[in-house]
*Asks:* 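Encoded as C-alpha cells, here's the structure I'll be asking about.
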Amino acid sequence: MLKKARVVGWSLFLGAVSMMMSSCMKDRGGSEDFITKPYIKNEYYTDGTLYYDLDHKQASVIGTDGGASEIVVPNAISINDVIYPITRMKNLGVFTAKEDYLNNHGVTNNQSLRSLTVGYNVNSFSSDNGENPLFVRNPEERTEEESMYIPQTTPRYVRRYPLENINVWTGNTTFDAREGCNAIVWSNQSKIMIGGFDSSIHSSIKEIGDFAFVNSHNFLASPSHDNLIRVGESAFQDCGFVKLQLPSSLESIGRCAFANNFLRTLSIPASVSEIGEFAFFDNMLETIIVESGNKTFDSRDNCNAVILTETNELIMGCEKTVIPDNVEIIGKGAFMECKTMADVSWPKSLHRIDDYSFLKCEAFNKLDLPEGLDSIGASAFYGCSGLTIVNIPSTVTYIGKGAFRNCSQLAEYGSYVKLHTADPSAIDPSVFSFSDDKKVHQLLVPQGSLSLYQNSRWSNYFQEIDESVE
C-alpha cells in the first residue's frame, strides 16, 4: 500500500512538472521563456524575429529578421520535443542568407536595435571568430600608405546596434543587470561587458570591459567610484568626455581607453600601474598630473607628461609638455598628432625616440636633435609638414622606416637635412621619402664625404647634396 502511494505521488509530481513546462513552452509573444513553434527560413530555424543555430543540444542567436528594434532573447527553443537552451548570442544584426552569415562569421549590423533583454541561459556573446566583436565594429578602410607607415592607433569604433535599453532576466547565473544599471555585467567578475547610452556604473563594478561604452556620445556616468580596478581597451573611446575623475582604486587603463574625447586636464591616480598605448590619444590635454605616491609613473618637475619612472621613458605628453632633463626615451606615440606643438627642448640625456612619437606634429619648424641620440623609430616624424630644417647628430646609428616621410616643407627651396656622419651606408636614405615622389631640397654632409653621398642612393631622395660649412 505504501509502495502504491509512492507511485501515485511520483506520478502527480511528474504531472505537475509537465503542466508547468507546457505553460512555459508557448508561442513567442513578448517575453515568454520558450519558443515552441519555430519554422525554417533561409536554412535556419526562426520564430519570425530571431534566427537560431542548433549545436550539441544548445542554440545560438544568429540574427534578426528585418532589423528588429527590440529583441528579447528567450531561454530555450523546442524542436521535435527536444529543448535547446539558448546559451549564446552570435549576432544581433539583420540576417540575410546562410552564405552571408557564414562568410561574415555571423556579425552584421542593425541600426534599428534600441532594446535588448537577455534570457537566463545565455552565458556568452561572441562571433565565430574573435576578430569581429559582437557589439562594435571598425568602419575605417586604411590605404596602403596608412597601413605601411601609420599605426592603427585608435580605430573609430562604432556600435553595431545603438542600444539604449539593456536588461538581463533574473536567474541568469553568468550575467546580470544589477539594480537596473542598463548594462550587461559579468556577475562573477563584476565586469561591465556592454552598456547602453544611459547606463549607470554600479558601485560594485570592478572592471569596465573592452569597448563597453565605445561611441556612447554624451555619456555622463564617470567611472569614479572606489571599487573600480581596470578600464579596458577603448572602453570610453569617443564618449564626449569633457571632465574625468579617475578613482583612487584604479590600477589599469587599457589601450585607447579614453581616446577621442575632449579632456583638457588629466590626473592619474597613485594606484595606477599600467597605462596602455594611446590611452588618451586625440583629446585636448593641456595639464597632465601623476599623483604623488605612484610607484610606476611620475610627472616630475610639473612637466605635463607621464613618465615611466624606472626607465625614464616619457610615454604620454601634450602640447604644453616640457621634457625633463633626465628623460632617456620618448615612448611610442607619446606626442602623436600634437598639431600645435611647435618646439621641443631636447634633454641631453635622450638616446631614443620611439615609433610614431611625433607623427603629424604639423607645427614643427626645426629639429635640432641632441648629441647622444642613437635611435629614431619608424614614422617618428612622419607627416610633420611644417619642418624646414632637420639636424641629425653623428651619434644616430638607426632611423626607422618612414621616420621623415611626407614632411612636405622639406621639399621646398631653403629647406635642408644636415647629417654629421661621413658614412652614407649608416642610415637608409628612404626614410626621407615622399608618397608623391618629391625629393628633399638639400642634404648637407660632412666635409670630405660629398662624393660618397653623391654616388650613393642618397641622390635618389635629395635634389641637391652639398658639404656643410662648419
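This one's a predicted model, so the numbers in the text were calculated from it and none came from an experiment.
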*Asks:* Enter the distance from K332:NZ to E277:CD here, rounded to the nearest 0.5 Å.
*Replies:*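 Separation between the atoms: 4.5 Å.
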*Asks:* Keeping the roles fixed (side chain from Y161, backbone from L92), state whether a donor-acceptor pair exists under 3.5 Å.
*Replies:*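 Looks like yes, one N/O pair under 3.5 Å.
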*Asks:* Using 30° and 60° as the class boundaries, would you call the ring planes of F358 and F364 parallel, tilted or perpendicular?
*Replies:*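 Because their plane-to-plane angle lies in the 30° to 60° range, the rings of F358 and F364 count as tilted.
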*Asks:* Do the side-chain N and O atoms of T388 and E412 include a donor-acceptor pair separated by under 3.5 angstrom?
*Replies:*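 The answer is no; no qualifying pair exists.
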*Asks:* Mind listing the closest non-hydrogen atom pair of I253 and I268 along with its distance?
*Replies:*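 Shortest heavy-atom contact: CD1-CD1, 4.4 Å.
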*Asks:* Test side-chain contact (heavy atoms from CB on, under 4.5 Å) on L367 and V344; report intermediate values, then the result.
*Replies:* CA-CA 8 Å; L367 284 182; V344 174; over 6 Å; no
*Asks:* For A305 and G317, which heavy atoms make the closest approach, and how far apart are they?
*Replies:*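 The answer is CB-CA, 4.2 Å.
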*Asks:* Between E337 and K339 (salt bridge meaning N to carboxylate O under 4.0 Å), is one present in this structure?
*Replies:*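 Result for this pair is yes, salt bridge flagged.
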*Asks:* Does CG in N302 sit with more than 12 non-hydrogen atoms of other residues, nucleotides or ligands closer than 6.0 Å?
*Replies:*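 Count not over threshold, so no.
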*Asks:* When rounded to the nearest 0.5 angstrom, what is the spacing between CG in L246 and CG in L266?
*Replies:*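 If I round to the nearest 0.5 Å, the distance is 6.5 Å.
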*Asks:* Closer than 3.5 angstrom, by distance alone: can the side chain of N365 be matched with the main-chain N or O of L387 as a donor-acceptor pair?
*Replies:*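 No, because the side chain of N365 does not come within donor-acceptor range (under 3.5 Å) of the backbone of L387.
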*Asks:* I would like to know whether I323 and L350 meet side-chain contact (heavy atoms from CB on, under 4.5 Å); could you show each step before the answer?
*Replies:* CA-CA 10 Å; I323 303 176; L350 188 67; over 6 Å; no
*Asks:* Tell me whether the count of non-hydrogen atoms from other residues, nucleotides or ligands lying under 6.0 Å of NZ in K320 goes above 12.
*Replies:*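 Atom NZ in K320 is not packed in, count stays at 12 or less.
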*Asks:* Counting only N and O atoms by type, is there a donor-acceptor contact under 3.5 Å from the side chain of S299 to the main-chain atoms of V290?
*Replies:*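 Yes; at least one donor-acceptor contact below 3.5 Å.
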*Asks:* Considering all heavy atoms of both residues, which atom of D282 and which atom of N260 are nearest to each other, and what is their separation?
*Replies:*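 Answer, listing the atom of D282 first, then N260: OD2-ND2, 2.9 Å.
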*Asks:* Please confirm whether the backbone N or O of F262 pairs with a side-chain atom of N283, one donor and one acceptor, at under 3.5 Å?
*Replies:*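 Between the backbone of F262 and the side chain of N283 there is a qualifying donor-acceptor contact (under 3.5 Å).
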*Asks:* Please indicate whether Y398 has more than 12 foreign heavy atoms, meaning atoms of other residues, nucleotides or ligands, lying under 6.0 Å from its OH.
*Replies:*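 More than 12 within 6.0 Å, yes.
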*Asks:* Given the rule in the side-chain hydrogen bond (donor to acceptor under 3.5 Å, both in side chains) test, do N121 and N75 qualify, once you have shown the distances and angles that lead to the verdict?
*Replies:* CA-CA 6 Å; N121 284 321; N75 296 316; 4.8 Å; no
*Asks:* Output yes when D210 and R255 qualify as a salt bridge under the 4.0 Å nitrogen-oxygen rule, no when they do not.
*Replies:*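 Here D210 does not pair with R255 in a salt bridge, since their nearest N and O are not under 4.0 Å apart.
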*Asks:* Minimum heavy-atom separation for A279 to G254, with atom names?
*Replies:*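 It is CB-O, 3.7 Å.
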*Asks:* In Å and rounded to the nearest 0.5 Å, what is the OG1 to CD1 distance from T296 to I275?
*Replies:*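 Rounded to the nearest 0.5 Å, the OG1-CD1 separation comes to 9.0 Å.
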*Asks:* Please examine the side chains of F381 and L359, heavy atoms only from C-beta on, and report whether any two atoms are closer than 4.5 Å.
*Replies:*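 A side-chain contact under 4.5 Å is absent here.
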*Asks:* Hey, are R159 and S216 close enough side-chain-wise for a donor-acceptor pair under 3.5 Å?
*Replies:*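 Yes, side-chain donor-acceptor contact under 3.5 Å.
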*Asks:* Quick check: F462 with Y453 (ring centres under 6.0 Å apart)?
*Replies:*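 No; F462 has its ring centre 6.0 Å or more from that of Y453.
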*Asks:* Ignoring hydrogens and angles, state whether a donor on the side chain of D226 or S248 is under 3.5 Å from an acceptor on the partner side chain.
*Replies:*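 Present: a donor and an acceptor within the cut-off.
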*Asks:* Say whether, by atom type as modelled, one donor and one acceptor occur between the side chain of T87 and the main chain of V122 under 3.5 angstrom.
*Replies:*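 No, T87 side chain to V122 backbone: no donor-acceptor pair under 3.5 Å.
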*Asks:* Got a second to check how far H441's NE2 is from Q409's CD, nearest 0.5 Å?
*Replies:*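 Separation between the atoms: 12.5 Å.
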*Asks:* Does any donor atom in the side chain of D238 or N215 lie under 3.5 Å from an acceptor atom in the other side chain?
*Replies:*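 A pair is found: one side chain offers a donor N or O, the other an acceptor, under 3.5 Å apart.
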*Asks:* Which heavy-atom pair separates C361 from F335 by the least distance, and what is that distance?
*Replies:*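 Smallest interatomic distance, heavy atoms only, reads SG-O, 3.2 Å.
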*Asks:* Please determine whether salt bridge (charged side-chain N to carboxylate O under 4.0 Å, His left out) holds for the pair D428 and R457, giving the CA-CA distance in whole Å, both sets of side-chain angles, and the decisive distance to 0.1 Å.
*Replies:* CA-CA 8 Å; D428 186 341; R457 291 176 59 234; 3.2 Å; yes
*Asks:* Are L113 and L163 packed together at the side-chain level, in the sense that at least one heavy-atom pair is separated by less than 4.5 angstrom?
*Replies:*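 Of all side-chain heavy-atom pairs linking L163 with L113, at least one is under 4.5 Å.
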*Asks:* Do you know the tightest heavy-atom contact between V118 and M89?
*Replies:*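 Closest pair (atom of V118, atom of M89, distance): CG2-CE, 4.1 Å.
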*Asks:* Less than 4.0 angstrom from a charged side-chain N to a carboxylate O is my criterion; do R230 and E274 meet it?
*Replies:*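 Result for this pair is no, no salt bridge flagged.
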*Asks:* For side-chain contact (heavy atoms from CB on, under 4.5 Å), just list the numbers for K438 and L410, CA-CA rounded to whole Å, side-chain angles, deciding distance to a tenth of an Å, and then say yes or no.
*Replies:* CA-CA 10 Å; K438 289 181 180 179; L410 285 178; over 6 Å; no
*Asks:* With a 4.5 Å limit on heavy-atom distance, are the side chains of P162 and R114 in contact?
*Replies:*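 Yes, at least one pair of side-chain atoms sits under 4.5 Å.
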*Asks:* Quick one: do V107 and R137 satisfy side-chain contact (heavy atoms from CB on, under 4.5 Å)? Show the steps, please.
*Replies:* CA-CA 9 Å; V107 182; R137 64 188 177 91; over 6 Å; no
*Asks:* To the nearest 0.5 Å, tell me how far S200 OG sits from E179 CD.
*Replies:*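 Atom-to-atom, S200:OG and E179:CD are 8.5 Å apart.
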*Asks:* Please tell me if the side chains of V417 and F404 come closer than 4.5 Å, counting only heavy atoms from C-beta onward.
*Replies:*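 They are not in contact (no side-chain heavy atoms under 4.5 Å apart), so the answer is no.
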*Asks:* Name the orientation class of the two ring planes belonging to Y51 and F95 (parallel below 30°, tilted from 30 to 60°, perpendicular beyond 60°).
*Replies:*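 Y51 and F95: parallel rings.
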*Asks:* Is a donor on one side and an acceptor on the other found under 3.5 Å between the side chain of N406 and the backbone of S435?
*Replies:*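 Side chain of N406 to backbone of S435: a pair is present.
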*Asks:* Looking only at the side chains, is there a donor atom on one of N91 and T108 sitting less than 3.5 Å from an acceptor on the other?
*Replies:*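 There is such a pair (donor and acceptor under 3.5 Å, judged by atom type) between the side chains of N91 and T108.
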*Asks:* For T421 and D423, test the side chains for any donor-to-acceptor distance below 3.5 angstrom and give the result as yes or no.
*Replies:*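 Judged by distance alone, the side chains do not pair up.
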*Asks:* Count the heavy atoms of every other residue, nucleotide or ligand shown that sit under 6.0 Å from CH2 of W346, and state whether that count exceeds 12.
*Replies:*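 Result for CH2/W346: enclosed.
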*Asks:* Is the distance from the ring center of F432 to that of Y461 below 6.0 Å?
*Replies:*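 Centroid separation for F432 and Y461: 6.0 Å or greater.
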*Asks:* For residues L228 and I205, determine if any side-chain heavy atom of one lies less than 4.5 Å from a side-chain heavy atom of the other.
*Replies:*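 With C-beta onward as the side chain, the pair touches.
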*Asks:* Is atom CG of D325 surrounded by more than 12 heavy atoms (other residues, nucleotides or ligands) closer than 6.0 Å?
*Replies:*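 Counting other residues, nucleotides and ligands, CG of D325 stays at 12 neighbours or fewer.
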*Asks:* Taking the side chain as every heavy atom from C-beta outward, state whether E207 and W186 have any pair of such atoms under 4.5 Å apart.
*Replies:*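 They are not in side-chain contact.
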*Asks:* Relative to each other, are the rings of F258 and F236 parallel, tilted or perpendicular (30° and 60° limits)?
*Replies:*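 Geometry flag for F236 against F258: parallel rings.
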*Asks:* Is any side-chain heavy atom of C303 closer than 4.5 Å to a side-chain heavy atom of L314?
*Replies:*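 Answer no - side chains too far apart.
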*Asks:* For the side chain of N167 and the backbone of G180, is there at least one donor-acceptor N/O pair under 3.5 Å apart?
*Replies:*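 Between the backbone of G180 and the side chain of N167 there is no qualifying donor-acceptor contact (under 3.5 Å).
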*Asks:* Do N172 side-chain atoms and G119 backbone N/O form a donor-acceptor pair below 3.5 Å?
*Replies:*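 It does hold such a pair.
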*Asks:* Could you give the distance from CH2 (W458) to CG (L443), rounded to the nearest 0.5 Å?
*Replies:*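 CG of L443 is found 6.0 Å from CH2 of W458.
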*Asks:* Quick check against the 3.5 Å criterion: does R160 have a side-chain atom that pairs as donor or acceptor with the backbone of P133?
*Replies:*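 The answer is yes, because a donor-acceptor pair under 3.5 Å joins these two groups.
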*Asks:* Any donor-acceptor pair under 3.5 Å linking the side chain of S112 with the backbone of A68?
*Replies:*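 It does not hold such a pair.
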*Asks:* A side-chain contact here means heavy atoms from C-beta on lying under 4.5 Å apart; do P370 and K348 qualify?
*Replies:*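 No, their side chains stay 4.5 Å or more apart.
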